[in-house]
Protein chains: 2
Amino acid sequence: MKNKSGPKNLPEEFAGEPQPQDEAKPLSELHPGEAAEVLQNLPAAEQAEALLNLEPPKAADILESLPDDRAAAAIMDMAPEDASAIVQEMQTDEQVDLLQDVSEEHAESILEQIDEKDAQVARKLLEYAEDTAGGLMQREYIPIYKEKNAKEVILHLQVESEKYKDYPATYLYVVDGKGRLNGVVSMRSLLLNKPGATVKELTNTEFVSVPASMPGQELVKVFRKYHYLAVPVLDEEGVLLGVVTEDDAMRFAEEEADEELLRFSGIVKGDEFRDMPFFPRSWRRLSWLSINIILNCVAASVIAYYQDTLQAVIALAVFLPIISDMSGCSGNQAVAVSIRELSLDRIRPGNFLWVLGKEASIGLLNGLALGTIIGLIAFAWKGSVLLGAIVGAALWINTIVAVSIGGMTPLLLRSINQDPAIASSPILTTLTDMCGFFVLLTLATKYVHLLPQ
Amino acid sequence: MKNKSGPKNLPEEFAGEPQPQDEAKPLSELHPGEAAEVLQNLPAAEQAEALLNLEPPKAADILESLPDDRAAAAIMDMAPEDASAIVQEMQTDEQVDLLQDVSEEHAESILEQIDEKDAQVARKLLEYAEDTAGGLMQREYIPIYKEKNAKEVILHLQVESEKYKDYPATYLYVVDGKGRLNGVVSMRSLLLNKPGATVKELTNTEFVSVPASMPGQELVKVFRKYHYLAVPVLDEEGVLLGVVTEDDAMRFAEEEADEELLRFSGIVKGDEFRDMPFFPRSWRRLSWLSINIILNCVAASVIAYYQDTLQAVIALAVFLPIISDMSGCSGNQAVAVSIRELSLDRIRPGNFLWVLGKEASIGLLNGLALGTIIGLIAFAWKGSVLLGAIVGAALWINTIVAVSIGGMTPLLLRSINQDPAIASSPILTTLTDMCGFFVLLTLATKYVHLLPQ
């Protein structure tokens with residue numbers, strides 16, 4: 001609650017918008033979140049300069065509030081010695097996030113300029129992948145010793161209050177001489193007990209901890225299950241490396257979900273903002289599209305095989321894209337449900353048969369409805385009951401196939417440790433296109449002499 | 001940190017899985033998060049009974065850890081008087097979430113059985129929509145008065161510690177006689193200051209608050225901007241109604257992002273788990289599909305118009321589904337980027353021209369690449385440079401059209417307050433199919449006598 005511009009009851013229409021009176025104020029007097037917003041509205045070239053005009057601690061606060069890619073761009077625009085003065089003031093987890101997003105040389109030049117001990121910590125943290133507990137944890141935690149009592153701990157906190165100001169201080173961590181974690185004391189229990197109580201008495205030795213290598217997605221499940229405000233990260237010897245806070249974990253979960261939508265739509269790596277450089281953006285999209293176009297050609301080759309039937313019943317050419325598109329739609333619904341159920345642990349990769357049963361029954365009903373609609377349209381257009389029946393049957397059958405494949409593909413991909421979001425849709429559409437074209441054209445070939453020419 | 005089963009350093013392979021030793025323990029001895037997991041593995045019919053075998057406070061903790069739909073199903077399986085004993089023990093925000101998900105009669109019967117005053121609070125909260133600050137807030141906050149001093153407040157907290165046990169107690173709220181919020185005191189400042197300090201001295205009067213009607217999406221932006229652990233919710237007179245905690249807001253954000261993926265894939269309302277009842281699931285999917293099939297037929301009618309050209313150059317029938325599918329893919333990439341940029345406030349609905357410029361330039365390059373690939377394939381197949389050129393040009397042009405429409409559709413939908421996730425894709429594919437079929441078949445008609453018959 002460090003906002004300096006007085007109480008605000010944010011009305012809906014202003015929330016998220018810089019408020020008029022804010023823009024007139026210098027950046028240094030705004031809440032970092034507000035300053036970050038003002039900064040983002042400046043031309044990209046001026047953002048680094050605006051930060052350099054501030055005191056480093058203030059600039060660091062604002063950098064922490066900027067989206068990762070913007071913060072990295074601003075740091076890249078600064079000389080390493082200027083950047084290091086700001087980076088030095090950031091929290092370790094934010095520091096490392098940032099350095100992971102700038103070029104390796106630039107990161108190294110910055111680390112060379114900051115305090116030797118801080119640089120060492122940062123280099124250690126940089127070894128953990130961004131999306132693991134090690135990459136998400138911060139080193140700022142308050143260690144205490146079990147020999148002390150509540151009063152001594154409170155005195156210590158008061159003496160060091162400046163240092164601990166920005167620490168996520170819901171819990172204090174009881175460590176031994178070798179840095180191993182013995183237990184956890186909540187701020188609340190410190191507050192609500194007699195001053196003479198020893199740390200040992202207040203300590204909860206029943207805590208959940210995680211290894212630094214735990215993937216972010218698993219970490220999110222731990223928070224979702226236990227609802228803790230922070231979880232300690234330990235190495236193999238039980239030494240406390242840092243803590244991951246609930247808000248950082250949930251923020252990670254939200255970003256992951258956002259990026260999943262992008263990967264699902266064919267944006268490789270799930271990351272694109274339109275103010276990123278042109279060629280990498282174009283390339284990420286194209287690399288996925290060019291695999292798709294090859295798969296598409298493979299599927300469409302089924303059509304080429306039935307040229308004579310098509311020549312005889314040209315109306316079929318109208319229904320081929322419809323069958324392809326509708327099966328893709330039905331199948332993608334099933335893909336999306338499977339992706340969500342997997343990410344929320346509602347299904348396991350082994351639940352093939354259960355998913356198959358659920359999807360096939362939906363396909364049976366919805367395919368019947370869609371087949372009837374398209375069959376009636378075909379009949380109305382050409383006056384042929386047989387054409388309607390063939391087109392309708394093909395879509396019915398193919399809808400059942402599409403939802404079954406759509407439901408199971410993410411499970412298969414997950415069970416071989418591939419990302420279901422990016423790969424499911426191309427696999428689905430290729431298989432269902434082939435199947436749909438085959439069913440429609442085989443049926444039509446069989447009755448070709450009875451169909452309207 | 002209430003886990004009763006001893007310290008655990010969760011290894012990766014166990015995270016999210018009930019651990020073997022847990023399953024042997026009775027539910028009542030497990031952490032609520034673990035108990036919820038065990039419960040979910042029971043047959044649906046036994047879940048309500050298992051909860052009824054527990055003490056109501058324990059059952060309430062477990063219910064709070066269950067996914068919303070499962071918790072509601074369990075409560076629906078209980079008689080109102082049994083359910084009310086458990087509901088009575090839940091936190092207000094969880095209580096209301098739950099009652100919103102059960103039938104109205106059942107909710108009313110439960111409310112009639114619980115404590116009159118609690119029921120009144122719950123009825124009041126039920127008036128707020130689930131996805132607003134009012135719906136996300138909880139009533140459990142600790143009010144204090146500015147006339148007191150730190151020592152008195154701490155004594156009060158100690159006396160009431162049982163009551164306040166489950167409160168999100170990072171901040172204390174300074175209210176006046178009419179319940180209006182005057183300021184905020186952090187637990188930390190209470191702890192780190194002299195006992196004689198008055199509440200008035202410790203109070204931060206510069207706080208951010210939100211109205212109960214603020215939509216959840218806007219609320220998330222407030223948390224993303226200010227990084228607070230909790231934000232107070234006020235009515236028009238400034239009376240404190242409740243608080244929204246950061247973890248609840250971020251949890252909401254994550255659920256929204258998950259549901260956006262489902263809506264984007266055509267699951268109406270963005271909510272489906274396969275253990276929900278069959279017919280509503282089928283209907284939500286079908287309602288979207290049946291609009292799509294009609295749109296598809298409209299688009300495909302363009303093909304019908306060019307029957308003669310198709311009859312003359314049957315090879316075109318192979319390329320129609322490819323053009324349709326690839327344009328859909330390219331366009332959906334642009335749709336997804338716009339949806340994400342809108343939800344993170346990186347673009348505003350008014351930034352049409354900027355988005356158009358960015359997308360058209362990507363379309364120009366990627367369309368050229370895709371057009372070249374398909375052109376070469378067409379040439380290789382039929383040995384006709386002209387066929388290759390026409391098919392390639394059609395895909396090039398249509399890719400530019402698709403990404404431009406794909407990028408702008410979410411902005412247009414948002415500016416008329418429609419949900420971009422569910423509606424963008426059908427609009428996109430209809431328009432790009434029509435355009436793609438039209439371009440390919442018009443070009444082909446013009447040069448029909450030169451194409452391979």
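Chain A is the first sequence line, chain B the second, and so forth, proteins listed ahead of strands; every chain is numbered from 1.
Residues Glu246(A) and Arg251(B) have side chains in contact (heavy-atom distance under 4.5 Å, counting atoms from C-beta outward). Proximity of Leu344(A) to Pro67(B): side-chain heavy atoms (C-beta onward) are nowhere separated by under 4.5 Å.
Put simply, of Ser330(B), Ala36(B), Ser301(B), the one with the most heavy-atom pairs under 4.5 Å next to chain A is Ser330(B). In terms of non-hydrogen atom pairs under 4.5 Å with chain B, the most contact-rich of Glu260(A), Glu64(A), Gln40(A), Arg224(A) is Arg224(A). Of the listed residues Phe319(B), Phe279(B), Trp288(B), the one with more heavy-atom pairs under 4.5 angstrom with chain A than any other is Trp288(B).
Both the backbone and the side chain of Asp271(B) come within contact range of chain A, with heavy atoms under 4.5 Å apart.
A distance-only check finds no donor-acceptor pair linking the side chain of Glu254(A) to the backbone of Ala253(B) [under 3.5 Å].
For Arg274(A), the salt bridge (Lys or Arg N to Asp or Glu O under 4.0 Å) partners two or more places apart in sequence, or in a different chain, are Glu341(B), Glu359(B). Take Arg70(A) and apply the salt bridge (Lys or Arg N to Asp or Glu O under 4.0 Å) test, not counting sequence neighbours, and it matches Asp275(A).
In summary, Glu272(B) and Lys358(A) do not engage in a salt bridge, as defined by a charged side-chain N under 4.0 Å from a carboxylate O. At a threshold of 4.0 Å, the pair Lys221(B)-Glu37(A) does not count as salt-bridged, since none of the basic side-chain nitrogens sits closer than that to a carboxylate oxygen.
Remark: the Ser265(B) side chain and the Asn332(A) side chain contain no N/O donor-acceptor pair separated by less than 3.5 Å.
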